[in-house]
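Written out below as structure tokens is the structure these notes cover.
Every chain is numbered from 1 and lettered A, B, ... according to where its sequence line falls, protein lines coming before strand lines. Any value given below was found using the heavy atoms of this structure, including those in side chains, with hydrogens, waters and symmetry copies removed.
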Amino acid sequence: MANVPDNLHYSKDHEWVRVEGDTAVIGITDHAQEQLGDVVYVELPKAGEDFAAHDSFGSVESVKAVSEIFTPISGKVAEVNQSLADEPEKVNKDPYGEGWMIKMKMSKSGEVDSLLTAAEYEDFTKAESE
Amino acid sequence: MTAPAPELRKTALNDAHRAMGGRMVEFGGWDMPVQYPAGTMAEHLRTRTHAGLFDVSHMGEIDVRGADAISFVNRITSNDATKLIDGQAQYSALTTPEGTVIDDLLVYRMASDHLLLIVNAGTTDKDWDWIKSHYQNENVELQNVSADYCQIALQGPDAISILQKLTDVPLAEIKYYHFREGDVDGVPSIVSRTGYTGEDGFEVYAAPEKAEQLWKKILDAGNFGDDDGVLPCGLAARNTLRLEAGMCLYGHEIDETTTLLEANLGWIAKLNKTDFIGRDALAKQKEEGIKRKLVGFEVTERGIARDGQNVFINGQCNGNVTSGSPAPFLKKNVGLAYVPVEFAGVGQHLEIDVRGKLVGAEIVPLPFYKRAK
């Protein structure tokens, strides 16, 4: 079964958010990387770009397919995980750690609270696969 | 895991795939594993370095028996079926009067009055209807025997030593594109030295009720679980392996809109044999010259080309990608595309429209990968 840490927030597009002060660290979930298979390419935005919640901010590609990735919250990109350019497999190996994708300065406080909790996300993925 | 829609067909190995953690997807009307837990990358690499095992039971089989079996098949296929000897297989195509492709197939000569046609899964019903509709009172009996066979492909440099543990058939004596009938683990089989990966290997045809026995025995004989053992492989690895080897996939590189000559398959269009469906159109196209051609390309910038994307040359859109993917063994991103023949030379610069961004690519010789002999 996919790992769903309790201390994160989740979107229905299978991204996770970890809040660090006014910054949100964003990546894709263990369930998402399992579904994708071997990640071979990650395309990320540049620092300084603005995104509204649910905007596509990049894409992640497996051998077989391309998936867009969506930011669950609004804000400005503060930092991107440059190491994924050469080591995209980190997304498979450590989706909640070294496989993180971007850090955003959140522009709308409270948006995080509308995301799913770990328990809610687990129920959501179960319902989706039935 | 998504439950299969009730109308999807299942091979005899469906339960085995699920039990082994195969991720099942719809393919050509069949419920098939796209990958196993090891993942596409590992499956692809293991097939290149050791061995991979594939369930290809979804492929169709059509039996042609009778005194006119060879002349009938020779009339509806583009390659020269009269050149086959007993125990030999031939890559060929069912062609339309326009020289385009109904399907690509293998023709097995079982005997002088018995050929077996191996056709693609998604086109089996179409092929069957096409073949029946072109019957002209020849002395042949046609039978769609797809349900009578499972087909298991063992591919890779270790394939021969693994399979030899299970059979007395002297495998080293079987030449490429030849086959023998014999027992594998006591199961009457056709053992064919053919495949779709660019590696040496075998395809084994047997009764479907023996499929699980053969599948499990081959995995055991190949030390499945060891780092250098055989890996079961899904359709995703099958696709990347054939693409690396520069082979056509029906519905991508070839279909009813592409001719054999455009697809570099002129070598299976035997224009000097007796007449066959599409011969005149192909002869005319050969004389006039093709306008577009299938080429292989390597992406030279960051990005992965995918099926269906547009190809730009000198700023003009004039082609499309038929298959595009990472090539796991070559560690490059490659693809096949149709381009105007005047721009089809090796070294030609292309740009691929990867979801709105133009990514540079260069035409390279095919195949991308050729195994060391």
Side-chain angles (χ1 to χ4, degrees), chain A residues 1-3 12-14 28-46 49 51 55-70 80-95 99 101 122-130, chain B residues 1-4 21-25 27 32-47 231 233-244 299 301-309 321 323-335 352-357 359:
Chain A
M1 279 311 291
N3 178 19
K12 290 184 177 176
D13 299 313
H14 306 285
I28 67 167
T29 65
D30 191 34
H31 173 77
Q33 72 77 20
E34 273 184 8
Q35 292 296 313
L36 276 167
D38 301 310
V39 172
V40 293
Y41 187 66
V42 182
E43 187 161 322
L44 296 174
K46 292 189 175 64
E49 287 187 50
F51 290 97
D55 280 355
S56 166
F57 71 89
S59 59
V60 51
E61 302 198 38
S62 66
V63 176
K64 190 80 186 149
V66 189
S67 300
E68 279 190 278
I69 27 183
F70 301 93
V80 303
N81 187 351
Q82 303 288 0
S83 72
L84 296 183
D86 292 324
E87 296 169 279
E89 64 274 12
K90 283 179 175 175
V91 174
N92 295 116
K93 287 181 185 149
D94 192 9
M101 291 180 173
E122 253 177 302
D123 289 344
F124 172 72
T125 53
K126 260 181 225 152
E128 222 184 19
S129 63
E130 266 159 23
Chain B
M1 214 59 21
T2 310
R23 178 171 306 148
M24 308 303 285
V25 298
F27 177 80
M32 297 298 289
V34 66
Q35 64 164 62
Y36 290 87
T40 301
M41 198 74 81
E43 294 166 18
H44 180 117
L45 297 175
R46 192 68 62 84
T47 303
L231 273 183
C233 301
L235 293 176
R238 182 167 159 83
N239 185 54
T240 51
L241 286 158
R242 73 88 196 169
L243 177 60
E244 238 176 30
V299 178
E301 295 175 357
R302 287 181 60 75
I304 301 169
R306 299 286 183 179
D307 305 10
Q309 291 171 345
V321 176
S323 295
S325 147
F329 187 78
L330 300 173
K331 297 188 169 46
K332 290 172 178 167
N333 297 317
V334 303
I352 317 287
D353 182 352
V354 179
R355 295 181 302 286
K357 199 172 114 187
V359 174

Smallest separation among heavy atoms of [X] and [Y], with atom names:
X	Y	result
Ala236(B)	Lys64(A)	CB-CD, 3.7 Å
Gln35(B)	Gly37(A)	OE1-CA, 4.1 Å
Ser325(B)	Val63(A)	OG-O, 4.0 Å

Quick one: what part of Ser62(A) sits under 4.5 Å from any heavy atom of chain B, side chain, backbone, both or neither?
-> backbone

Relative to chain B, which segment of Val42(A) carries a heavy atom at a distance below 4.5 Å: side chain, backbone, both, or neither?
-> backbone

Report the C-alpha distance between Val40(A) and Met41(B) in whole Å, list the side-chain angles of each, state the deciding distance to 0.1 Å, and finish with yes or no for side-chain contact (heavy atoms from CB on, under 4.5 Å).
-> CA-CA 9 Å; Val40(A) 293; Met41(B) 198 74 81; 3.2 Å; yes

Against chain A, label Thr40(B) side chain, backbone, both or neither, depending on which of its atoms sit under 4.5 Å from a heavy atom there.
-> both

Check whether Lys357(B) gets within reach of chain A through its side chain, its backbone, both or neither, counting any heavy atom under 4.5 Å.
-> side chain

Set of side-chain contact (heavy atoms from CB on, under 4.5 Å) partners for Arg302(B), sequence neighbours left out |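 Checked Arg302(B) against side-chain contact (heavy atoms from CB on, under 4.5 Å); matches are Tyr41(A), Ala85(A).
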
Are Glu61(A) and Arg306(B) ion-paired here, with the side-chain N under 4.0 Å from a carboxylate O?
->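 Salt bridge between Glu61(A) and Arg306(B), a charged N being under 4.0 Å from a carboxylate O: yes.
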
